[in-house]
Amino acid sequence: MPELPEVETIARGLAERVTGDVIESIWLTSKPQTLKSSAQEIAAATENTLILNVHRMGKHIIFDLERNAVASAHRAAKPVKAKPLRRRSELSETTKSQWIVHLGMTGRLQVCEPHSEILKHTHAIAKLASGRELRFVDPRRFGRLSVATNGAFETLGTEPLEAALGTFVALFRGRKTPIKSALLNQKLLRGVGNIYADEALFRAGIRPRRRASTLSREPFARLHSSLKEVLHEAIAAGGSSISDYVNSSGDEGFFQLQHRVYGREGEPCLVCKTPIKRVVIGGRSSHYCPKCQK
DNA sequence: ACTATTTCCTGGATGC
DNA sequence: TGCATCCAGGAAATAG
């Protein structure tokens, strides 16, 4: 289940592998729910574009695209002789757009050779000028594809790794919801999912059911630094491979080996040996140590 | 303006 | 073995 560290790992890997390549054409699924923008809109915004960069916003992967003379020339290549130089006005005509991919639970972006087997549940195939293909595969179909053409893609929420303490505390002020649920609310913080919410709360010594509004500045300060710490450590480890997560090269992350509470129900707390508890909060399983977390 | 609950979706695990 | 049932989860939609 890709959360911020997994999405960051994937985006970095993709940036390395496809930046500078050109999307020549794209095939899209007819499954309506997977496409947040229409197939026509996605094709129009992505075909014949140069990939300028790939980066992450919350749990979204953003491809920054540009359609310009370079992209068109790349595409025309081969047998045709070099065309006469375009006029300056034509050369300077560029259109920027963005392709936005949310992986949901089981979404994967793979860069592969065209002859490699097309996996079941493949919902998009972009043909690249390098000869490779960029494919979106998502069995459970919680993932979403969309494009942004007018200005930069916007999404709500604060980036947890960029939030100063004051900003962080202000997000939760007056909220009666459990702190666990607040951490998962993408309109407040973006990118935190179930694993890292549980891990950050454990490190901060806060029970997941505590109402956000009942926490004073001191526990918030601990939570603020714990969250950043766990996210940084997870990114360094290439993310957590639970179920079927792999990065864009098909490699597993290994932060799951460092989980202290997530998925450890009944196992001894690494600090005090008390069995880790699992409860359901807002429909999400939440793991904590009843002794270490207050 | 918030908060809580339901819905979407499939593969893997579990139970009889 | 085979079949039914449950469960995982992000975010949008719905209800309160």
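Lettering of chains follows the sequences in order, A, B, ..., and the numbering in each one begins at 1.
- Counting to the nearest Å, the C1' atom of C/dG10 and the CD atom of A/Glu6 are 13 Å from each other.
- An OP1 or OP2 oxygen of C/dG9 is reached within less than 4.0 angstrom by a side-chain nitrogen or oxygen of A/Ser285.
- Put simply, A/Tyr262 has a side-chain N or O that comes within less than 4.0 Å of OP1 or OP2 on C/dG9.
- Nearer to the 5' terminus of DNA chain B, by closest-nucleotide assignment, is the contact made by A/Gly174 (compared with the other of A/Gly174 and A/His121).
- The shortest distance between the side-chain N/O atoms of A/Arg211 and the OP1/OP2 oxygens of B/dA4 is below 4.0 Å.
- Note on A/Lys187: nothing from the nucleic acid sits closer than 4.0 angstrom, heavy atoms only.
- Hydrophobic clustering (ILVMFWY, side-chain heavy atoms < 4.5 Å, transitive): A/Ile61 and A/Ile125 are in distinct clusters.
- Between the CG atom of A/Leu188 and the P atom of C/dG10 there is a distance of 15 Å, given to the nearest Å.
- Look at A/Phe142 and the base of C/dG9; the rings stack, centres closer than 5.5 Å and planes less than 30° apart.
- Across C/dA11, C/dG9, B/dA4, the shortest atom-to-atom separation from the side chain of A/His102 is found for C/dA11.
- For A/Thr177 and A/Arg144, each mapped to the nucleotide of DNA chain B holding its nearest heavy atom, the one lying further toward the 5' end belongs to A/Thr177.
- At whole-Å resolution of the value, CZ in A/Arg209 and P in B/dA4 are 11 Å apart.
- For the pair A/Arg141 CZ and B/dT7 C1', the computed distance is 14 Å after rounding to whole Å.
- Atom pair A/Phe172:CZ and B/dC2:P shows a separation of 14 Å (rounding to whole Å applied).
- Annotation for A/Lys96: atom NZ does not count as buried by contact number, only 12 or fewer foreign heavy atoms lying within 6.0 Å.
- Annotation: side chain of A/Lys127 is in contact with side chain of A/Ser25 (closest heavy-atom distance under 4.5 Å).
- In this structure, of C/dG10, B/dC2, C/dG9, it is C/dG10 that holds the atom nearest to the side chain of A/Lys59.
- For A/Lys176, the listed nucleotide lying nearest its side chain is B/dT3; candidates were C/dG9, C/dA12, B/dT3.
- Of all nucleotides listed (B/dT3, B/dG11, C/dA11), B/dG11 comes nearest to the side chain of A/Pro139.
- Atom CD in A/Gln186 sits about 14 Å away from atom P in C/dG9, given to the nearest Å.
- In this entry the distance linking CG of A/Asn185 with C1' of C/dG9 reads 16 Å, nearest Å.
- Among the heavy atoms of the strands lying under 4.0 Å from A/Gly193 are primed sugar atoms or P, OP1, OP2 only; no base atom is included.
- Between A/Arg278 and C/dA8, a side-chain N or O to OP1/OP2 separation shorter than 4.0 Å is present.
- Atom pair A/Asn194:CG and C/dA11:P shows a separation of 12 Å (rounding to whole Å applied).
- Comparing C/dA11, B/dC2, C/dG9 by their nearest atom to the side chain of A/Arg140 picks out C/dG9.
- Within the structure, every side-chain polar atom (N or O) of A/Arg284 is placed at least 4.0 Å from both OP1 and OP2 of C/dA8.
- Less than 6.0 angstrom separates the ring centroid of A/Phe172 from the ring centroid of A/Phe220.
- There is a side-chain donor-acceptor pair under 3.5 Å between A/Asp21 and A/Ser130.
- For A/Thr106 and C/dG9, the shortest distance from a side-chain N or O to OP1 or OP2 is not below 4.0 Å.
- Side chains of A/Asp198 and A/His287: a donor-acceptor N/O pair is present below 3.5 angstrom, by distance only.
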